[in-house]
Every structure is written in C-alpha cells, then in structure tokens.
Amino acid sequence: MATTVDGKTADFPTDRGPLNYLNCDRGILSWAFTLDHKRIGLMYLISIMASLGLGGLFAMLIRVELAHSGQQIVDENTYNQLFTLHGAIMVFLFILPGIPAALGNFVLPIMLGAKDVAFPRLNLASYHLWVIGALFFLLALVTGGLDTGWTLYVPYAFQTDTRVLTAGVGAFILGFSSIFTGINFVATIHTLRPPGMTWFKMPLFLWALYATAIIQVLATPVLGITLLLLAAELVLGIGIFDPTKGGDPILFQHFFWFYSHPAVYIMILPAMGIMSEVIPTFSRKHIFGYRFIAYSSVAIALLGFLVWGHHMFVSSQSSLASTIFSLLTFSVSIPSAIKVFNWLATMYKGSIALDTPMLYALSFILLFGIGGLTGLFLATLSTDVQLHDTYFVVAHFHYTMVGGTLIAFMAGLHYWWPKITGRMYNEFWGRLCSIGVFAGFNLTFFPQFVMGSRGMPRRYHDFPEKFEIFHFLSSIGAFLMGLAMLGVLIYLLYSLFKGRRAPANPWGSATLEWQCSSPPPKENFAETPSVSDPYDYDHIKYDPEKNCYYRVN
Amino acid sequence: MSAAPDHDENHPHDLAHHFDTHRQQFDAGKLGMWIFLVTEILLFSGLFCAYVIYRANHPEIFIYAHQFLDKNLGALNTAVLIFSSLTMAWAVRAAQLEQKRALVRLLSITLACGFVFLGVKAVEYHHKWHDGLLWASQYNPKHHDSAEHNEAGHGAESDGEGLHGEEPKNVGLFFSIYFMMTGLHAVHVIAGMGAIAWVLNRARKGHFNRRYFGPVDFVGLYWHLVDLIWIYLFPLLYLIH
C-alpha cells in the first residue's frame with residue numbers, strides 16, 4: 001500500500017529526542033521557577049496526588065473507625081476532625097485543581113498546537129499560590145486541626161477552638177490559584193488556537209476546560225469574599241454572619257453554596273472532557289454528537305450557577321425559592337444525560353479496546369450514572385427532607401466526585417501518562433487495579449445508599465446495631481479500593497524506571513498532543529502542526545512492528 | 001509578559017516567545033485583564049449583596065448611621081478618583097503615541113491622586129476611630145459616653161449634633177459593612193498604585209512603544225475599575241435618604 005508516513009509522527013515512534021521538557025534544564029530551581037506549562041502541570045500532578053494520598057489516608061482512618069459500632073481508634077472529637085480534613089483536603093487540594101491544573105495544564109497548550117499558555121508567569125503564580133494554600137492547610141492540621149466539616153458553616157465556625165482562620169486563609173489563597181488558572185485557560189483558548197482550528201474543531205476536552213474556566217472565574221471570587229467576611233468575623237467581630245450581633249448565618253450558607261455548587265461542576269466538567277477524548281479513541285470511532293457535547297458543557301456551567309439553593313432546602317428557605325431551585329436542579333440533569341447518551345452512541349458499533357483508560361471510562365459512565373440519578377432524589381423536595389444529611393447524600397456525592405471525577409482523573413492519568421513521562425505502564429496491572437478500584441468503590445458506597453435511606457445520619461461517630469453490616473461492608477470496600485490505588489501508585493512508579501519507552505502515539509488518538517514526541521520537547525512543536533478533525537481515526541494506522549500508530553494521508 | 005526566556009534573532013524582545021505577533025500578545029493580555037476585572041466585580045458583589053440584604057431588612061440602621069459619614073470628604077475623594085481616571089486614560093494615549101515625557105507625567109499625577117485618596121480616607125478612618133464608630137463588636141460611639149452602648153438610644157438626640165431619630169439596634173452592622181467595603185476598596189487602591197508605580201518605572205526606562213503598550217493599558221483598565229467601584233460606594237454609603 002502506498003502510504004505516506006507523516007514525518008513528525010514516524011520519527012519518534014520509540015525514540016525520545018535527545019532533549020525534552022524533562023531533561024532540557026537541570027536543578028531544582030529550573031523546576032520551581034519554570035514557566036513551562038508542562039513542568040508546572042507535572043508539579044501540580046505530583047502535588048495533587050500527594051494530597052489525594054493524604055485525603056485518602058484520612059478516609060481509611062474514618063472507615064477503620066466506622067467498621068464497627070462503638071469507639072475503635074479515635075474519640076468523637078478526633079473523628080470530627082478526620083471527616084473535616086478528609087473533605088477539605090479532597091475538595092480544595094485534590095478534586096478542584098486536579099484535572100484542570102494538572103492534566104489540563106499539561107495538555108491544553110499542546111492540544112492547541114501552541115508553545116505555552118497565554119500567561120506563563122500567571123500559571124507559575126497559580127502553582128506557587130497552590131503550594132502556599134496547601135501549607136496553610138497543613139499548618140491548620142498540625143496546630144489543632146479543623147472540626148467544622150469542610151463547609152465551615154457558621155455560627156459553629158466562630159465557636160470551635162480548631163483552626164478555622166488558618167484553613168480559611170488557605171482556601172482563600174487556593175481560590176486565587178484557581179482563578180489564575182481559569183483566566184489563563186480562557187485567554188489561551190481564545191487567542192492561541194492555531195489557524196484552522198475553529199471553535200467547533202477543538203477537541204472536546206478543551207470545551208470542557210473552557211466551561212470549567214468560566215466557572216472558576218465567575219464563582220471563585222464569591223468564595224473569596226465569603227472567606228474574607230468569615231476571617232473578618234473571627235479577627236474583628238464584624239457580625240455580618242453572627243446572629244448574636246444582628247447578623248445572618250443563613251447568608252453565609254447562600255454565599256458559600258453560590259460558590260460551592262458551581263464548584264462541583266468545576267470538578268465534574270473536566271472529567272467529562274476526558275471521557276470525550278478517551279471513549280472515541282478506544283472505540284476507534286468518531287465522537288457522536290460533537291456539538292451537543294460542546295454546548296452541554298457550557299449549559300452545565302451556566303445552569304450550575306442557578307441551583308445553589310438545593311443545599312438549603314431545610315435551612316428555612318422559602319418554599320417558593322425551594323421549588324424554583326428544585327426545578328432548576330432537575331434541568332441540570334438534561335445536559336448531563338445528553339453527554340452520557342452521546343458517549344454511549346459513540347461506543348455503539350465501535351471497535352472497543354478495553355485498555356486501562358477505557359476501563360476507567362466505562363466505570364465513569366456507570367458510576368456517574370448512579371451518582372447523577374440519585375441526585376434527582378435529592379433535588380425532589382419531599383424526598384430531600386427525608387434524605388437530607390444522611391449517608392444517602394454521602395453516597396450520592398461520592399458517586400459523582402469519586403465515581404465521576406476521581407475515576408475520570410485516573411482515566412486521564414493513564415491516557416496521558418505515556419505522553420507526560422515517556423513510559424508505558426504495565427497494562428495487566430493497570431486493568432487489574434482499575435477493576436479493583438471499581439469493585440472497592442461500589443462496595444464502599446452502595447451500602448451507604450441503603451443505610452442512608454434507612455436513616456443513618458452523616459458525620460456520626462457511632463451508630464446503632466442495625467447499621468452494623470452496612471458499615472462493615474463499606475469499610476471492607478474502602479480498604480479494597482485503597483489497596484487498588486496503592487497498586488496503581490506502585491506500577492506507575494515502577495514504569496518510570498522499567499517501563500517500555502512510549503511511542504508518540506500509543507493509543508491511535510487524533511488530537512494534536514499525540515503528534516509531538518513522548519515526552520514532548522520544550523517548545524512542544526518545532527513548527528505549528530497542521531490541524532485536522534480531532535476525532536477522525538480513518539487516517540491513523542497501527543504499525544505492529546513498532547507497536548505504535550502513525551498517520552497516513 | 002515582557003521578557004522572553006530564550007532569544008531568537010527574529011523574535012522581538014518585547015514579544016513573549018509563545019506569541020507570534022504583538023497583536024496576539026496584546027489581545028491575550030487585554031482579554032485576561034477583562035476576565036480579571038470580572039472576578040474583581042464578583043469579589044465585591046458579595047459585599048454589595050450583603051449591603052442590599054441588610055439595607056432591605058434594616059433600613060433604619062442605614063438612615064441613622066450614614067449621618068456619621070463625612071459627605072464632603074467622600075465627595076472630595078470621588079472627584080480625586082475621577083480626575084485620576086482622566087489622567088490614566090490620557091496616559092494610555094500617550095503610551096500609544098510614544099510620548100514618553102507626557103506618559104511619565106500623567107502616570108505620576110495618577111499615582112499622586114491615589115495618595116491623596118488614601119490620605120483623605122485615613123482622615124475619615126481616624127475620625128471614626130476617635131468617635132468609636134467601628135464595626136459591630138467594637139461599636140461604642142463617644143456621644144453615648146454617659147449611657148454606654150448597652151442603653152442604646154438614650155443620648156443620641158440630646159448631644160446637639162443635629163442627628164435625627166432614635167438610635168436603632170445593631171447600628172454597628174452598618175459600620176461593619178462600611179469598613180469592609182471601603183477597606184477592601186482601599187486595598188485595591190493600594191494594589192492599583194503599586195501597579196501604576198511599576199508601569200511608571202518601566203515608562204521612565206522607555207519600555208513602551210506603539211506596538212508594545214499593553215501593561216499601561218491593562219493597569220489603566222484596573223484603575224478605572226477601582227474608580228468605578230468607588231463611584232458606587234460613595235452614594236450607597238454616604239448619600240442615603
């Protein structure tokens with residue numbers, strides 16, 4: 001067959017160039033003050049995975065404590081700190097920055113064929129602020145902990161002896177870090193797209209990151225002012241949220257959820273973006289319903305701002321307001337379902353390869369489906385009154401945040417791992433651990449739906465006899481999942497030293513980041529690459545000798 | 001955004017390495033600045049929201065307490081800031097036209113206006129401090145000194161200051177909102193002055209030209225926003241009826 005092998009792809013099938021972004025400069029300072037988006041992305045990746053480990057450790061301790069009724073390892077006050085720190089670390093340090101700041105930072109400019117994000121210094125500032133914010137969290141952790149729950153609800157936040165101010169300052173700084181990433185991504189996508197890449201020729205991951213960045217920019221400042229008012233209350237006693245001084249604690253809840261509900265879409269939208277890359281790649285089939293997926297990201301971003309009141313159905317909100325918030329909450333399920341249907345349609349009659357990223361993607365569809373559908377129970381006013389503050393809520397948001405975001409993060413991590421590190425991980429262990437994560441996760445959280453619907457309240461240190469079996473199963477599942485995650489860590493680290501050298505395009509993807517070598521050179525592309533349909537797999541062929549894909553014209 | 005890390009002979013020194021043209025660099029910077037201004041507006045929006053809620057629920061507090069603010073000083077500061085916006089806008093024009101001397105002078109005037117604003121604000125804060133007109137937990141007005149704050153409303157009308165109305169409960173909340181809003185605004189004025197000082201220094205070194213004037217433009221946008229927020233704060237806090 002007379003095929004022209006594209007020079008750029010064929011040149012780096014197994015060879016790393018002599019110099020790439022990892023080894024072009026040496027020394028710790030060349031990392032700490034780098035302006036290269038890939039290095040910043042990688043530093044973010046390591047940092048957020050360390051946070052994931054710390055948050056996961058707290059989760060394991062919680063499940064050890066709850067394996068049986070009565071006190072196991074910690075008393076009530078320590079338990080309050082455990083679930084607070086688990087939540088705060090997972091939300092602020094892992095899930096929120098996870099996909100956009102780590103994977104997004106690495107991939108976004110390369111997907112655009114650009115050399116860097118629009119504002120490299122702002123990008124570095126974002127990472128430095130993240131580190132400072134994380135240090136404040138650690139400071140709070142070692143100087144007295146935090147026991148308010150990650151939501152920092154007033155007026156309890158004024159009464160506890162734990163370190164609300166330190167953690168609040170940390171979250172405030174992390175908010176700026178998030179805003180800077182958002183500004184950078186919006187400006188980059190607007191101004192650095194290559195010639196020929198119109199909005200509707202962008203990979204869908206970029207649409208998802210764009211929608212995410214819009215939320216980061218529009219919602220996070222409100223968290224900033226909320227935390228500023230909280231800090232002013234703690235330091236000065238301004239009374240705006242304090243009922244003893246004439247203030248209104250419900251106002252805090254409104255402010256907090258005005259940020260924190262859109263924030264859950266900061267967590268899930270980039271996860272959905274990863275799905276839109278992984279599923280067509282491993283189905284060897286063009287994405288179905290491109291425009292619907294693109295628009296639904298934006299729709300979720302915008303509708304997400306109008307539903308915060310569903311966190312406050314039982315907080316003395318007027319029933320009219322609750323009804324409106326309930327209706328709007330149902331409306332968010334429409335664009336979410338559109339995405340799921342399009343992914344299923346993409347897989348339909350595709351040539352599905354069950355590689356590790358695809359296994360995570362399939363887990364995502366199932367788990368996010370359960371998480372999304374159980375959200376409808378909570379959006380319904382009458383059932384929410386029953387289910388509010390029970391384990392049903394805990395299970396629901398873990399199905400979306402872990403079953404959704406963490407699983408998608410794992411899919412993206414495995415999908416881009418060869419590009420980031422230049423090494424292939426062991427596929428057998430990858431698949432095995434992904435199945436372990438899936439099984440462990442379901443065993444952890446499915447029993448929580450059952451006990452939640454039977455009245456087990458969240459955040460309790462102890463429980464009656466009848467919940468014993470559910471809590472026990474849940475703990476077993478958590479240990480299984482923890483073990484599988486540990487396995488992931490081990491084989492990924494192992495791959496760094498012993499893994500097969502990654503070719504430029506190990507999966508046969510059509511987006512631009514697979515056109516540069518693995519790992520990419522410092523400037524990403526010697527010349528701006530040619531843009532074609534990001535989901536056209538007809539021109540990408542497999543070379544069994546070199547075990548990689550190449551482009552034919 | 002100015003210094004490129006590695007030098008290419010064909011790449012101008014004031015064009016960052018990842019941009020192809022000055023136009024692209026300017027557009028990216030300007031878009032980034034506008035988005036940042038949106039985040040600033042949203043940061044203040046929380047305070048405006050708190051203002052609206054407390055004013056709607058407790059109008060008597062606002063009507064009573066605003067009398068303690070000095071309208072003349074507030075008006076003076078408004079005029080100073082509006083004038084500084086004029087000089088700032090003029091400075092952007094000077095940067096575009098490569099009028100270096102005018103640029104340096106106009107930026108200096110703008111910076112001076114910032115100092116005047118802060119000076120006036122300091123005088124106002126000092127008065128409030130002296131009179132005990134502070135935020136909720138520290139609210140302890142001096143004209144009550146015989147009755148103390150626990151017997152609110154028993155001395156307000158007899159002290160000859162021409163204040164009308166009995167003192168309502170929780171007047172301190174007004175001053176909480178006043179200090180939060182004007183305090184956060186003052187922080188932004190200081191940040192803006194820092195940014196102006198930075199472009200002033202670069203202007204003196206002759207960094208700007210007709211292709212590269214973005215930093216002056218972006219700092220100008222920021223300064224106008226700071227001005228605009230004050231234009232809303234002044235009537236909302238000082239001119240209540």
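Each chain gets a letter, A, B and so on, in the order the sequences are listed, and its residues count up from 1.
Using a 4.5 Å heavy-atom threshold, the side chains of B/Leu42 and A/Thr220 count as separate. Side-chain contact check for A/Ile238 versus B/Met180: some heavy-atom pair is nearer than 4.5 Å. For the pair A/Glu523/B/His18, no side-chain contact is recorded, criterion being any heavy-atom separation below 4.5 Å from C-beta on. Using a 4.5 Å cut-off on side-chain heavy atoms (C-beta onward), B/Glu40 and A/Pro221 make no contact.
For chain B, no part of A/Ile214 is nearby; none of its heavy atoms comes within less than 4.5 Å. With a threshold of 4.5 angstrom between heavy atoms, A/Ala114 does not approach chain B through any atom at all. Heavy-atom distances place the side chain of B/Leu184, and not its backbone, under 4.5 Å from chain A. Residue B/Ile53 touches chain A through its side chain alone, counting heavy-atom pairs closer than 4.5 Å. Residue contact with chain B, scored on non-hydrogen atoms closer than 4.5 Å, is absent for A/Asn184.
Chain A forms more heavy-atom pairs under 4.5 Å with one residue of B/Ser45, B/Gly172, B/Ala50, B/Ser176 than with any other, namely B/Ser176. In terms of non-hydrogen atom pairs under 4.5 Å with chain B, the most contact-rich of A/Leu251, A/Ile240, A/Val222 is A/Ile240. Annotation: maximal heavy-atom pairing with chain B below 4.5 Å, among A/Val186, A/Leu218, A/Ile179, occurs at A/Leu218. Ranked by non-hydrogen atom pairs under 4.5 Å with chain A, the options B/Phe179, B/Phe36, B/Tyr54, B/Trp34 are led by B/Tyr54.
Around CH2 of B/Trp129, the count of heavy atoms belonging to other residues, nucleotides or ligands within 6.0 Å does not exceed 12.
Counting only distance, with no hydrogens or angles, the side chain of A/Thr191 and the backbone of B/Gln25 share no donor-acceptor pair below 3.5 Å. The closest donor-acceptor contact from the side chain of B/Gln24 to the backbone of A/Leu192 lies at 3.5 Å or more, if one exists at all. A donor-acceptor contact shorter than 3.5 Å links the side chain of B/Trp135 to the backbone of A/Leu236.
B/Ala28 and A/Ala187 make their closest contact through O-CB, 4.0 Å (heavy atoms, listed as atom of the first residue, atom of the second, distance).
To the nearest 0.5 Å, the span separating NE2 on A/His190 from CD1 on B/Ile35 amounts to 6.5 Å.
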Item to complete: Determine, stepwise, if the pair B/Cys49 / A/Phe258 fulfils side chain to side chain contact (heavy atoms under 4.5 Å, CB included).
Response: CA-CA 12 Å; B/Cys49 194; A/Phe258 184 85; over 6 Å; no
